[in-house]
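Just so we're on the same page: letters track the sequence lines, and every chain starts at 1. Worth saying up front: this structure is predicted, and the values here are computed from it rather than measured.
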Amino acid sequence: MRVCALCSLSVARAGLGSGLFSLRRSFSSLPALCARKKSSEYSCVDSEHYSSLVRAVVSTRTSAQTPESIESEDARLFGAVVRSKPRQAPKKTLKNPCPLLNEAKSSIWSEHEEGAMTRIALQRNSDQPALPSVTKVLQKTMSASQLFYLERWKRRKIAELGEEGFKEYSMNLFKQGKLFHAAIEAALTQETPPKEDVECPECPDEVAGYLQSISHVLEDVTGVRAIESVVEHQSLKYLGIMDCVAMYRGSLCVIDWKTSEKPKPFLHNTYDNPLQVAAYIGALNSDNNYSYQVENGLIVVAYKDGSPAHSHRLSAEQVTQYWEKWLFRLEEYKEKDV
DNA sequence: GGATCCTTCTTCTTCTTC
């Protein structure tokens with residue numbers, strides 16, 4: 001039996017069995033009638049003729065619907081509801097819990113403390129097995145849904161730009177990120193960045209918008225303690241390179257600068273970035289190359305058009321929560337890696 | 001000189017109607 005989409009939907013929602021069958025009978029010839037005309041199917045309805053029927057179906061006075069009545073009606077129409085068993089995810093426990101803070105380090109660094117800026121470069125010791133990096137761990141332990149959405153995004157982009165176009169697009173994103181980081185480094189250290197880090201003949205002022213975007217954030221960044229510096233967790237055996245450690249509005253933070261095409265006004269828009277920052281903070285606190293400890297984090301998302309960057313502060317409590325999530329991911333990585 | 005490393009980014013439903 002052919003039924004207009006609107007009719008079947010409305011009646012099913014109204015949950016009136018008898019009304020459903022009479023309505024279906026009454027409207028069953030509509031599509032055929034409408035097909036002869038180009039106009040909308042709904043314009044063919046003789047609303048005056050059917051007005052009492054429609055009123056009867058949708059009126060709450062004649063149908064005191066309750067969740068129970070709707071459910072029993074649905075069961076009659078569509079069969080019994082198959083309910084999945086509520087799954088209680090077992091509370092996972094860390095096999096190797098590790099504190100975020102380091103008792104051996106006396107206190108959180110204060111703004112008035114003197115100290116040189118640290119910039120430890122990455123060095124590979126070929127004699128020892130390579131430690132996993134923060135980025136690698138996060139990439140290798142993405143959830144199935146994360147991978148699904150990323151893969152879908154990639155497929156859509158390739159469909160839009162072609163394989164070569166996509167490669168170029170990706171390379172350009174990375175390039176912009178690198179140029180942006182070099183420009184921030186120069187701004188925070190008052191140093192002139194290496195020529196190759198800022199020059200981009202085919203794209204002048206490539207990072208001008210990004211710098212404009214973060215200008216209001218930079219005003220609150222003082223006392224830079226580290227830039228592009230390697231941190232290594234002494235016991236958990238992983239490493240990473242922090243963007244920056246500095247004072248931001250009164251607290252010492254590990255700062256991560258990001259560029260983004262899409263606005264990221266909320267912390268959850270930044271996906272694994274908070275875990276990345278927590279991982280750096282934990283490593284920094286355990287690393288004896290740094291005499292101080294850090295409790296807070298900051299993620300700054302800059303935009304090319306110069307619109308104000310979104311900055312997401314991570315309180316000490318939030319960092320602790322993300323630290324625990326990071327530890328789970330690290331355990332997962334190590335289990336996979338074995 | 002070449003290879004490798006870390007990082008740089010990318011994600012969250014989708015449609016109609018007013």
**Request:** Could you work out which one of dC12(B), dT8(B), dC6(B) sits closest to the side chain of S133(A)?
**Result:** dC6(B)
**Prompt:** Of all the choices, dC6(B), dC12(B), dT8(B), which nucleotide is nearest to the side chain of D243(A) once you look at every atom?
**Reply:** dT8(B)
**Request:** Would you classify Y169(A) as touching base, sugar-phosphate or nothing, given that sugar-phosphate means primed atoms plus P, OP1 and OP2, and contacts are heavy atoms under 4.0 Å?
**Result:** nothing
**Request:** Could you work out which one of dC9(B), dT11(B), dT7(B) sits closest to the side chain of Y149(A)?
**Result:** dT11(B)
**Asked** Quick one: on DNA chain B, does R156(A) or Q176(A) contact a more 5' nucleotide (nearest heavy atom)?
**Response** Q176(A)
**Aromatic ring proximity H310(A)/Y303(A), centre distance under 6.0 Å** = yes
**Asked** Would you say Q139(A) reaches dC5(B)'s phosphate, i.e. side-chain N/O to OP1/OP2 under 4.0 Å?
**Response** no
**Item:** Spacing of L179(A) atom CG relative to dT7(B) atom P, expressed in whole Å
**Value:** 19 Å
**Request:** Decide, applying a 5.5 Å centre-distance limit and a 30° plane-angle limit (both strict), whether F148(A) stacks on dT11(B).
**Result:** no
**Request:** Identify which nucleotide among dC5(B), dT8(B), dC12(B) has an atom closest to any side-chain atom of L122(A), counting heavy atoms from C-beta outward.
**Result:** dC5(B)
**Request:** Determine whether the side chains of R313(A) and S251(A) contain a donor N or O and an acceptor N or O closer than 3.5 Å.
**Result:** yes
**Message:** Less than 3.5 Å apart, any donor N or O on the side chain of Q176(A) or Y210(A) sitting next to an acceptor on the other?
**Reply:** yes
**Request:** Report the distance from atom CE of M171(A) to atom C1' of dT10(B), rounded to the nearest whole Å.
**Result:** 16 Å
**Prompt:** Of all the choices, dT7(B), dT10(B), dC6(B), which nucleotide is nearest to the side chain of T135(A) once you look at every atom?
**Reply:** dT7(B)
**Prompt:** With centres under 5.5 Å and planes under 30°, do W153(A) and dT11(B) count as stacked?
**Reply:** no
**Request:** Among the candidates dT11(B), dC6(B), dC9(B), find the nucleotide nearest to the side-chain atoms of K136(A).
**Result:** dC6(B)
**Prompt:** If only side-chain N and O atoms of R152(A) are considered, is one of them under 4.0 Å from the OP1 or OP2 phosphate oxygen of dC12(B)?
**Reply:** yes
**Prompt:** Is any side-chain N or O of K258(A) closer than 4.0 Å to OP1 or OP2 of dT8(B)?
**Reply:** yes
**Request:** Report yes if at least one side-chain N or O of Y238(A) is closer than 4.0 Å to OP1 or OP2 of dC5(B); otherwise report no.
**Result:** no
**Item:** Side-chain N or O of K154(A) closer than 4.0 Å to phosphate OP1/OP2 of dC9(B)
**Value:** no
**K136(A), NZ: over 12 other non-hydrogen atoms inside 6.0 angstrom** = no
**Asked** Nearest-Å distance, CZ (F174(A)) to P (dC6(B))?
**Response** 15 Å
**Prompt:** Which nucleotide sits closest to the side chain of E261(A): dT7(B), dC9(B), dT10(B)?
**Reply:** dT10(B)
**Asked** Can you tell me if N285(A) uses its side chain to pair, donor with acceptor, with the backbone of V294(A) under 3.5 Å?
**Response** yes
**Item:** Short side-chain N/O contact from K264(A) to OP1 or OP2 of dT10(B), under 4.0 Å
**Value:** yes
**Asked** Which part of the nucleic acid does N273(A) contact within heavy-atom distance under 4.0 Å: base, sugar-phosphate only, or nothing?
**Response** nothing
**Message:** Please report the distance, rounded to the nearest Å, between CG in L173(A) and P in dT7(B).
**Reply:** 18 Å
**Request:** Look at the side-chain N and O atoms of K178(A) and state whether any lies under 4.0 Å from the OP1 or OP2 oxygen of dT7(B).
**Result:** no
**Request:** May I ask you to say what L147(A) touches in the nucleic acid, namely base, sugar-phosphate or nothing, with a heavy-atom cut-off under 4.0 Å?
**Result:** nothing
**Prompt:** Does the side chain of T259(A) get closer than 4.0 angstrom to OP1 or OP2 of dC9(B) through an N or O atom?
**Reply:** yes
**Request:** Round to the nearest Å and state the distance from K140(A) atom NZ to dT7(B) atom P.
**Result:** 14 Å
**Message:** Here's a test of your reading of the structure: between H268(A) and V134(A), which maps to the more 5' nucleotide of DNA chain B?
**Reply:** V134(A)
**Request:** May I ask you to evaluate whether S260(A) reaches the phosphate of dT10(B), defined as a side-chain N or O under 4.0 Å from OP1 or OP2?
**Result:** yes
**Request:** Name the nucleic acid region contacted by L131(A), choosing base, sugar-phosphate or nothing; use a 4.0 angstrom heavy-atom cut-off, strictly under.
**Result:** sugar-phosphate
**Request:** Count the heavy atoms belonging to other residues, nucleotides or ligands that lie under 6.0 Å from CD of E168(A), then report whether that count exceeds 12.
**Result:** no
**Asked** Do Q234(A) and N102(A) get their side chains close enough for a donor-acceptor pair, meaning under 3.5 Å?
**Response** no
**Fill in**
Separation of dC5(B) atom C1' from I120(A) atom CD1, nearest Å, is 17 Å
**Prompt:** How many Å lie between CD1 on I299(A) and P on dT8(B), as a whole number?
**Reply:** 11 Å
**Asked** Atom NZ of K157(A) to atom P of dC9(B): distance rounded to whole Å?
**Response** 16 Å
